[in-house]
Protein chains: 2
Amino acid sequence: MMKLDDIAALAKVSKTTASRALADSPLVKEETKALIREIAKAHNYKPNTLASAFARKKSGIIGFCLLNKDHPSFGHPFFGPVLDGALEQARKDNYHIILAANKGSDYVFEEPFMQDCIEGVVLSSFAPAKAVQEFKKRGIPQVLINDVLNTENNTFIMDDNYGGAYQLMQHLMKDKGHFRIGFLTDRLSHTSYLLRYFAYIDAHRDAGLPVYSNDKLPLFDLEGGFSLSSDYYLKKYGYDDIPRIGSPMVVVGVKSAAGYEAVKQLIATGDLPSAIFAVSDSLAIGAIHALQDAGLRVPEDVAVVGYDDIISSTAVRPALTTVRVNRKEIGRTAIQELEKLIENPEQETKIIYIKNNLIVRKSS
Amino acid sequence: MMKLDDIAALAKVSKTTASRALADSPLVKEETKALIREIAKAHNYKPNTLASAFARKKSGIIGFCLLNKDHPSFGHPFFGPVLDGALEQARKDNYHIILAANKGSDYVFEEPFMQDCIEGVVLSSFAPAKAVQEFKKRGIPQVLINDVLNTENNTFIMDDNYGGAYQLMQHLMKDKGHFRIGFLTDRLSHTSYLLRYFAYIDAHRDAGLPVYSNDKLPLFDLEGGFSLSSDYYLKKYGYDDIPRIGSPMVVVGVKSAAGYEAVKQLIATGDLPSAIFAVSDSLAIGAIHALQDAGLRVPEDVAVVGYDDIISSTAVRPALTTVRVNRKEIGRTAIQELEKLIENPEQETKIIYIKNNLIVRKSS
DNA sequence: TTGTATGCGTTATCAG
DNA sequence: CTGATAACGCATACAA
């Protein structure tokens, strides 16, 4: 393997000049540069990346962490596309992406490269404050996806959950004339779902309508045994605690089976809403199946809408009306913001909401 | 930041001894080791990863490439989970995974780390011989997922397509008594689909049954305008060229809409099979929708089976009978094999088939 | 515009 | 068992 020394020798210049020439420094005469470049090319010279990174103390690597209970899940319909967007952007800006996932509840990321080689890190999924503090302590800039913590001076990227859910509610109420709308959700301790819930409530309030309420439904645990990672949105929307308004159905787990069971329970009460807003497509699909299995028609008897626009939303019949979350855009933006942070680490807290799109299909 | 020098000084030993002690070398007296370790820990010493990698000429990084036409697609229901498995295994064995995706039809991977820092590479999706040669030239061990090329001395990992498809056919023929089974496929130039096709044909042959044939169907281009990346399987199953047996319906594109259109066309011929074997779940879902839209019942009038077991296969009604591809296992195995190759680069060509599972649901 | 000399933090070589 | 010293390949402060 050719090294800089060899190229310099061939060009009869010093290593320094050769180095500069290849970095296109203005300090080197154009002729000299051309010569050196030519020689480098002819001998297929490639700088030793490790040596270069070491000397400059810059690796050009960004860590992408998925924080999960026990195993990585890029197979998840949300994170896969986010990663795609991140990779696309990183590549464009000449950064590498290295992957990491926590083991169990240990959020320290002991892996060597994660310790001291990454120039920044994207924390995806539900980042615990512990992980954030850890990176902050090491002085590694970070961007968080999908959640907002109380930690200071961080950049957060998330879907415009409130806006998307509000649009969906407008569609249901204004376009379709529904005014008894059930709410089916995963635990509200997830910020995304909480915001969708607020939009659900506010849409009623703004329309001067009461929120669908059903005495025969149990009082579900709104937080599902977890607690909010931040009270930022509680404050923002004027609450001290997650308010119980109407009769939200809260399930644990994201699987459609959970939605199925909940709606079965709802049907058993005999007091059906005319529409169900499920906080995720997965739950919505379960809801549709439960309705259909009970002999009810969707959307004629009960309309169902979801959120996310996962692939499965067109596999169900009727195809699901939902909100398309721009996952790739979330990934891209995360990298862009991280790069800004790498350039200039001193920044204020910043929350960026990524626009989404209402997708009206047949289920509403 | 503490460096090795500092630790050595504090322990009143040389850098060398300190280095050895921390690497748990048998050359160092236990007492000395203990002392040095203690000091290192007390001062929260972390070796400089870049310096270490540089000095040892070992980065501990494995490249994971997705070869696609224009953009990364970890959001794909296949590659996301493969990546999860790979990451899990890599982490277990103290390797890092760095991501790469080609730009357009340029398969050279110019990214610095991909050039000379990775110790091995996993090539996923449809690896062109060009990419393989490129890495081979640079002496980087590689494992290929999902395709077998004519290139020599490579390790290939793939789903046991033939076995899975054969099982599915047995299910259709033996368990369900079907003997007129249509075949709906994406272009057969994809090795995976070709193998499923061979199993489809062979199952008929082994049962002494003719393959479903329908004159009114057009003669689709079997390779879909592409050519096979290898004739390995052609030879293995005794063909010179992809044989046209029965009336395979070949669509271009993996979207369910393509399956929908093809089956619509099939219905129009008026000569329906009693079952359809779709080469992917996505196509199968389109098939089910087309059948249902034409007023036909699945599986009573026409049974439909798919392959892959993507999430959507339980979102359709009836839920899809399919073959579950062990994607995570594919990823894990790829990394394990790659590590063997890194240890000992001289190895013979090796093809590993990952076992799959027949999943019988309601569509058959 | 070019070159010299040195540093980067670790590991490896060789001598003790 | 331990230590002095030399790489490793590149980048850069400083000198010319």
Side-chain angles (χ1 to χ4, degrees), chain A residues 1-40 43-61 94 96 111-119 138, chain B residues 1-37 39-40 43-61 94 96 111-113 115-119 138:
Chain A
M1 212 56 207
M2 275 280 167
K3 47 189 183 182
L4 194 55
D5 261 337
D6 305 331
I7 302 301
L10 286 168
K12 296 192 209 308
V13 294
S14 71
K15 261 200 318 194
T16 314
T17 305
S19 175
R20 283 179 182 142
L22 295 172
D24 199 20
S25 152
L27 292 180
V28 183
K29 190 164 43 166
E30 278 306 329
E31 290 170 48
T32 324
K33 268 192 211 173
L35 173 68
I36 295 173
R37 278 206 207 101
E38 203 175 319
I39 294 178
H43 293 78
N44 192 31
Y45 165 76
K46 305 276 181 207
N48 178 322
T49 311
L50 243 21
S52 163
F54 172 49
R56 299 184 313 165
K57 300 177 183 321
K58 283 214 161 241
S59 65
I61 297 181
N94 278 96
H96 288 275
E111 301 94 322
F113 268 79
M114 294 299 292
Q115 286 287 326
D116 56 347
C117 288
I118 53 173
E119 297 189 32
R138 296 193 224 147
Chain B
M1 212 57 209
M2 274 281 166
K3 49 189 184 182
L4 193 56
D5 262 337
D6 306 330
I7 302 302
L10 286 168
K12 296 194 208 311
V13 295
S14 70
K15 261 200 317 196
T16 316
T17 304
S19 174
R20 282 178 182 140
L22 295 172
D24 199 21
S25 153
L27 292 178
V28 182
K29 193 165 41 169
E30 278 305 331
E31 288 170 48
T32 324
K33 269 193 212 172
L35 174 68
I36 294 173
R37 279 205 207 103
I39 294 178
H43 293 78
N44 192 29
Y45 165 76
K46 305 278 180 206
N48 178 323
T49 311
L50 243 22
S52 162
F54 172 49
R56 298 185 315 165
K57 300 177 183 320
K58 282 212 163 242
S59 64
I61 298 182
N94 279 97
H96 288 275
E111 302 94 322
F113 268 80
Q115 285 287 327
D116 56 348
C117 288
I118 55 173
E119 296 190 33
R138 296 192 224 148

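In what follows, chains carry the letters A, B, and so on, assigned in the order in which the sequence lines appear, proteins first and then strands, with residues in each chain numbered from 1. Just so it is clear, the model here is predicted, and its values are computed rather than measured.
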First and last nucleotide of DNA chain D, 5' to 3', lying under 4.0 Å from heavy atoms of chain B: D/dC1 to D/dG9

Results of side-chain hydrogen bond (donor to acceptor under 3.5 Å, both in side chains) for A/R56 - residues two or more places apart only: none

Nearest-nucleotide comparison on DNA chain D, the residue closer to the 5′ end among B/L27 and B/K57: B/L27

Sugar-phosphate only, base, or nothing, as touched by A/L4 at under 4.0 Å among non-hydrogen atoms: sugar-phosphate

Check: B/T49 side chain, A/P112 main-chain N or O, donor-acceptor pair, under 3.5 Å: yes

A/H96 side chain to B/F113 backbone, donor-acceptor under 3.5 Å: yes

Exercise: identify the closest heavy-atom pair between B/M2 and B/H43: CE-CD2, 3.4 Å

Residues forming a side-chain hydrogen bond (donor to acceptor under 3.5 Å, both in side chains) with A/D24, sequence neighbours excluded: A/K33, A/R37

Reported NZ-to-CG distance for the pair B/K57 and A/N48, which is rounded to 0.5 angstrom: 6.5 Å

Interatomic distance where CG belongs to B/D6 and C1' belongs to C/dC8 [whole Å]: 14 Å

Side-chain atoms of residues 4-14 of chain A: list all donor-acceptor pairs with protein atoms under 3.5 Å, sequence neighbours left out, distances to 0.1 Å.
residue: A/D6; atom: OD2; partner: A/K3; partner atom: N; Å: 2.9
residue: A/S14; atom: OG; partner: A/T16; partner atom: N; Å: 3.3
residue: A/S14; atom: OG; partner: A/T17; partner atom: N; Å: 3.2
residue: A/S14; atom: OG; partner: A/T17; partner atom: OG1; Å: 3.2

Between C/dG9 (C1') and A/F54 (CZ): distance, integer Å: 4 Å

Interface residues of residues 13-25 of chain A with DNA chain C (non-hydrogen, below 4.0 angstrom): A/V13, A/S14, A/T16, A/T17, A/R20

Value rounded to 0.5 Å, distance of SG in B/C117 from CD1 in A/I61: 7.5 Å

Least distance between heavy atoms, A/S59 atom then B/L50 atom: CB-CD2, 4.2 Å

Between C/dA12 (P) and B/R56 (CZ): distance, integer Å: 7 Å

Residues touching DNA chain D, which here means a heavy atom under 4.0 Å, drawn from residues 28-37 of chain B: B/V28, B/K29, B/T32

Smallest separation among heavy atoms of A/I36 and A/A21, with atom names: CD1-CB, 3.6 Å

Length of the line joining A/L50:CG and C/dT11:P, which is rounded to integer Å: 13 Å

